[in-house]
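Quick note: numbers below take in every heavy atom, side chains included, and nothing from hydrogens, waters or symmetry partners. In this chain, numbering begins with 1 at the start of the sequence shown. Each ligand, and each atom within it, is numbered from 1 in the order the structure gives.
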Amino acid sequence: MSAIADNLQAVQARISNAAAAVGRSPESVRLLAVSKTWPLACVLDAAEAGQRAFGENYVQEGIDKIAAVSGRNLEWHFIGPLQSNKTKPVAEHFDWVHSIDRLKIAERLSAQRPAYLAPLQVCVQINVSGEASKSGCAPDEALALCRAVAALPGLQLRGLMAIPEPTDDLQAQRIPFRKLRELREQICAAGLPLDTLSMGMSHDLEAAVAEGATIVRIGTAIFGERNYA
Ligand SMILES: *Cc1c(COP(=O)(O)O)cnc(C)c1O
């Protein structure tokens, strides 16, 4: 077995254990393999091992990989910051976008989504840690943004996404994930059915699963340490 196949198995085991610890079924958590910065060969290796969903942060890198594997029935999620001048290729080639943080981006993606494709599946990114530098919509503006996004014809609003400040303590990791879960509950109670919580990365997936993650976004634990040089 390849190292990537081994790592995928180990990550699936972490998900299963974390789910079992809180009485959730492991099937209620989807694994998104974050392949940013890794060459196509790594994506193909993971796909051979049965991985279907891949996450990318950079538009051109993602588009190149999607073009190279067309016909393999993989699912592509855009998870990085998105500038308004880059929305068109994302609307045309990706299946999901997790990083909607303002209405303008959502409106452009909706208008640019080709009619022959299913609506783009989207999450609104929430700034749960509160630092001014972090991207994401403020929690108290989330309901209004979700309502506006849900009304756009080219998009299907699925849920919320967050990238909390990293910390090593499991209990501290759970706090922002709990905030995101509670925010989803409030938005559901306001009449918008959200089925997705996109939260948890290599270092905090256990905390995220404990708080109800339905998609975990895992890069390093599958592909290794990234080298941005
Ligand atoms: C890079 C990235 C990940 C994966 O992080 P790892 O720590 O490598 O698992 C997940 N989500 C987002 C938004 C990312 O940019």
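Shortest contact from atom 11 (N) of ligand 1 to any protein heavy atom: R217 NE, 2.9 Å. The single protein non-hydrogen atom nearest to atom 14 (C) of ligand 1 is K36 NZ, 3.0 Å, given as residue, atom name and distance. In terms of protein heavy-atom proximity, atom 9 (O) of ligand 1 is nearest to S202 OG, 2.5 Å.
With a 4.0 Å heavy-atom cut-off, ligand 1 is reached by the side chain of R226 but not by its N, CA, C or O.
The main-chain N or O of P89 is never found under 3.5 Å from a side-chain atom of Q112 such that the two would form a donor-acceptor pair.
The shortest N or O to N or O distance between N57 and ligand 1 is below 3.5 Å.
Taking the six-membered ring for Trp and the full ring otherwise, W76 and F94 have centroids separated by 6.0 Å or more.
Atoms of ligand 1 found under 4.0 Å from any heavy atom of T220, numbered from 1 in the order shown, are 6 (P), 7 (O), 8 (O), 9 (O). Taking a cut-off of under 4.0 Å to the non-hydrogen atoms of I218, the atoms of ligand 1 that pass are 9 (O).
A donor atom on one side chain and an acceptor atom on the other are found under 3.5 Å apart for S2 and D45.
Here the CD-CZ distance, from E211 to R24, works out to 10.0 Å after rounding to the nearest 0.5 Å.
L44 is connected to I63 through a chain of hydrophobic side-chain contacts under 4.5 Å among Ile, Leu, Val, Met, Phe, Trp and Tyr, so both are in one cluster.
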